[in-house]
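These notes concern the structure reproduced below.
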Amino acid sequence: MESGTPGGSGPAEPGPRLRGLGGALQAAWASLLSGAQAQAQAEGGCCAPAVAAVLPAGGSGERMGVPTPKQFCPILERPLISYTLQALERVRWIKDIVVAVTGGNMEAMKGIIQRYQHKRISLVEAGVTRHRSIFNGLKALAESQPNSRLSRPEVVIIHDAVRPFVEEDVLLKVVTAAKEHGAAGAIRPLVSTVISPSSDGCLDHSLDRTKHRASEMPQAFLFDVIYEAYQQCSDYDLEFGTECLQLALKYCHVKAKLVEGSPDLWKVTYKRDLYAAESIIKERISQQMCVVMDTKEDEEHVGRCLEEMLKNELNHVKVMSGRDLQQVILEQCYNFVCVNVMTSDFEKTQKLLNVLDESNLSILYPVVVISVHFLDNKSIPFGRKMEDLMQIKELAREVKKRNILLCGLLIYYPQDEQKLQESLRQGATIIATLIKERDSGLIGQLLIA
Ligand SMILES: Nc1ccn([C@@H]2O[C@H](COP(=O)(O)OP(=O)(O)OP(=O)(O)O)[C@@H](O)[C@H]2O)c(=O)n1
Ligand SMILES: O=C(CO)[C@H](O)[C@H](O)COP(=O)(O)O
């Protein structure tokens, strides 16, 4: 499927994502196209209905209990909202992304857009409640100004800026359903039972959990439906309402289609949610690693053994040859192991760092590079080897500025094959831990296996 249509989104992203839509979803998208549009697409012309997204990001995050509003809290040194923007902008059929932020955070938001190279973003002033922020975003789409790049879409997605793990498949499902039903939203099964207390603080009644669902985001609407609902709705709704689907029902009599969402759609609300989000991101970017090594015979044996051990350590991890580094980088691999069997200098590691530098790979995620060296006590005396390897500290300090986390690993290389296997196993465990943990405290350290 071509880029610019659903399923044709940008380069591979870490984590579970849509790599080409399944038949059912493709069919769903085909049905989304009106007859005239489908014909135009068949003739190679315009394809899908215009879809835009509105992201409310004007809250103060009281429940998080930290001074920084949660959408700007860093995860792996990047603000949370940048992950959400990345998730939406990689879906190329979303034409415009309107973000509502407070006046006080406008400049900070512009800085984030610039630093992380976000595209197709327009900013509007947030309101004092979530509904008012969303309304401001919708107004910007409805009343396009002469110098604005925005235009009124056919379908609009509403998604909280603090739900970073939204995937293309659920976006497509809600957009498709909104086109058919006027409104649609993601739901999840309830985790806890909902009860109703009486005024004396005692249980009045409890709801049957099987009959209720938690309403999550994303939601999607025919633009005219949700805009009309916001224009009609009362001040009370704008002040205290929490559910956009309810506005469509109450003011436009549109019954939203409910779509089952994934557990990752939850809203970052409390501090613990930031830790959970960080763990998910770390897990996603630790899925594959590239082992860079020469093919010289003497290096190959030990390198291949290490590679095998790594495959054991990191289940489901793709170990790739470093021969085609550019390709590996294109595939967005964020973990590199540079194997130096015969040397104690950083020439090969430095070459790798140069390639990474040119690629801009580390703009969005910290890239882990582990420079592996071997100690056989024969070719170079231990003291001199250590002296050479201590240069890693300086090198690591330099590349940290570019979000590359460099560590050194010295693996004992005895003549005895069994002992060699043991130290390689230990080396593989250390490498796996460094990749999974991405602990910046270990940057520039020389670990020994
Ligand atoms: N006046 C507001 C309030 C909230 N939001 C946004 O709506 C989304 C979901 O709201 P919520 O989780 O309640 O965020 P906060 O209001 O920031 O959190 P809290 O209720 O804990 O203060 C967030 O992206 C938040 O930034 C907004 O755009 N404008
Ligand atoms: O899940 C949602 C359903 O629309 C909203 O994100 C949620 O209701 C927002 O409410 P609040 O701002 O009170 O957390």
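Counting starts at 1 for both ligands and their atoms, in listed order. Heavy atoms only: backbone and side chains are in, while hydrogens, waters and symmetry mates are out.
Under 4.0 angstrom from ligand 2, there are no non-hydrogen atoms of His159.
Numbered from 1 in the order shown, with element, the atoms of ligand 2 that lie under 4.0 Å from a heavy atom of Gln219 read 4 (O). Set against the non-hydrogen atoms of Asp160, the atoms of ligand 2 under 4.0 Å away are 5 (C), 6 (O).
A distance-only check finds no donor-acceptor pair linking the side chain of Asp204 to the backbone of Ser196 [under 3.5 Å]. Put simply, the side chain of Arg188 never gets that close to the backbone of Ala214: no donor and acceptor are under 3.5 Å apart.
Taken to the nearest 0.5 Å, the CD1 atom of Ile75 stands 8.0 Å off from the SG atom of Cys73.
Counting protein heavy atoms only, atom 3 (C) of ligand 2 is closest to Glu243 OE1, 3.4 Å. Closest to atom 2 (C) of ligand 2 among all protein heavy atoms lies Arg163 NH2, 3.6 Å. With respect to atom 7 (C) of ligand 2, the closest heavy atom belonging to the protein is Thr242 O, 3.8 Å. In terms of protein heavy-atom proximity, atom 12 (O) of ligand 2 is nearest to Arg130 CD, 3.7 Å. Protein heavy atom in closest approach to atom 14 (O) of ligand 2: Lys267 NZ, 2.6 Å.
Residue pairs meeting the ring-ring contact (aromatic ring centres under 6.0 Å, His included) criterion with at least one partner in residues 169-195, sequence neighbours excluded, are absent. Judged as a ring-ring contact (aromatic ring centres under 6.0 Å, His included), the pairs with a partner in residues 241-273 (not counting sequence neighbours) are, in order, Phe165-Trp266. Screening residues 112-147 for ring-ring contact (aromatic ring centres under 6.0 Å, His included) gives His131-Tyr230, Phe135-Tyr230 as the qualifying pairs, with residues at least two apart or on separate chains.
At least one cation-pi condition fails for Arg152 and Phe223: the charged atom is not both under 6.0 angstrom from the six-membered ring centre and inside a 45 degree cone around its axis.
A side-chain donor from one of Glu243 and Gln219 sits under 3.5 Å from a side-chain acceptor of the other. Ser133 and Asn136 form no side-chain donor-acceptor contact under 3.5 Å, judged by distance and modelled atom types alone. A donor atom on one side chain and an acceptor atom on the other are found under 3.5 Å apart for Glu313 and Thr429.
Every N/O-N/O distance between Glu216 and ligand 2 stays at or above 3.5 Å.
The pair Arg397-Glu394 does not meet the salt-bridge criterion, since no charged nitrogen lies less than 4.0 angstrom from a carboxylate oxygen.
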For ligand 1, what N or O to protein N or O distances fall under 3.5 Å?
{"unit_1": "ligand 1", "atom_1": "1 (N)", "unit_2": "Gly127", "atom_2": "O", "d": "3.0"}
{"unit_1": "ligand 1", "atom_1": "1 (N)", "unit_2": "Val128", "atom_2": "O", "d": "3.3"}
{"unit_1": "ligand 1", "atom_1": "1 (N)", "unit_2": "Thr129", "atom_2": "N", "d": "3.3"}
{"unit_1": "ligand 1", "atom_1": "1 (N)", "unit_2": "Thr129", "atom_2": "O", "d": "3.4"}
{"unit_1": "ligand 1", "atom_1": "5 (N)", "unit_2": "Gly59", "atom_2": "N", "d": "3.4"}
{"unit_1": "ligand 1", "atom_1": "12 (O)", "unit_2": "Lys70", "atom_2": "NZ", "d": "2.7"}
{"unit_1": "ligand 1", "atom_1": "12 (O)", "unit_2": "Lys267", "atom_2": "NZ", "d": "2.8"}
{"unit_1": "ligand 1", "atom_1": "13 (O)", "unit_2": "Arg63", "atom_2": "NH2", "d": "3.0"}
{"unit_1": "ligand 1", "atom_1": "14 (O)", "unit_2": "Lys70", "atom_2": "NZ", "d": "3.4"}
{"unit_1": "ligand 1", "atom_1": "17 (O)", "unit_2": "Ser60", "atom_2": "N", "d": "3.2"}
{"unit_1": "ligand 1", "atom_1": "17 (O)", "unit_2": "Gly61", "atom_2": "N", "d": "2.7"}
{"unit_1": "ligand 1", "atom_1": "18 (O)", "unit_2": "Lys70", "atom_2": "NZ", "d": "3.4"}
{"unit_1": "ligand 1", "atom_1": "20 (O)", "unit_2": "Arg63", "atom_2": "NE", "d": "3.3"}
{"unit_1": "ligand 1", "atom_1": "20 (O)", "unit_2": "Arg63", "atom_2": "NH2", "d": "2.9"}
{"unit_1": "ligand 1", "atom_1": "21 (O)", "unit_2": "Glu62", "atom_2": "N", "d": "3.3"}
{"unit_1": "ligand 1", "atom_1": "21 (O)", "unit_2": "Arg63", "atom_2": "N", "d": "2.8"}
{"unit_1": "ligand 1", "atom_1": "21 (O)", "unit_2": "Arg63", "atom_2": "NE", "d": "2.9"}
{"unit_1": "ligand 1", "atom_1": "22 (O)", "unit_2": "Gly61", "atom_2": "N", "d": "3.4"}
{"unit_1": "ligand 1", "atom_1": "22 (O)", "unit_2": "Glu62", "atom_2": "N", "d": "2.7"}
{"unit_1": "ligand 1", "atom_1": "24 (O)", "unit_2": "Pro56", "atom_2": "O", "d": "2.8"}
{"unit_1": "ligand 1", "atom_1": "24 (O)", "unit_2": "Ala161", "atom_2": "N", "d": "3.4"}
{"unit_1": "ligand 1", "atom_1": "26 (O)", "unit_2": "Gly58", "atom_2": "N", "d": "3.3"}
{"unit_1": "ligand 1", "atom_1": "26 (O)", "unit_2": "Gly59", "atom_2": "N", "d": "2.9"}
{"unit_1": "ligand 1", "atom_1": "28 (O)", "unit_2": "Ala57", "atom_2": "N", "d": "3.1"}
{"unit_1": "ligand 1", "atom_1": "28 (O)", "unit_2": "Gly58", "atom_2": "N", "d": "2.7"}
{"unit_1": "ligand 1", "atom_1": "28 (O)", "unit_2": "Ser133", "atom_2": "OG", "d": "3.2"}
{"unit_1": "ligand 1", "atom_1": "29 (N)", "unit_2": "Ser133", "atom_2": "OG", "d": "2.7"}

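The closest approach between a heavy atom of Arg63 and any atom of ligand 2 is below 4.0 Å.
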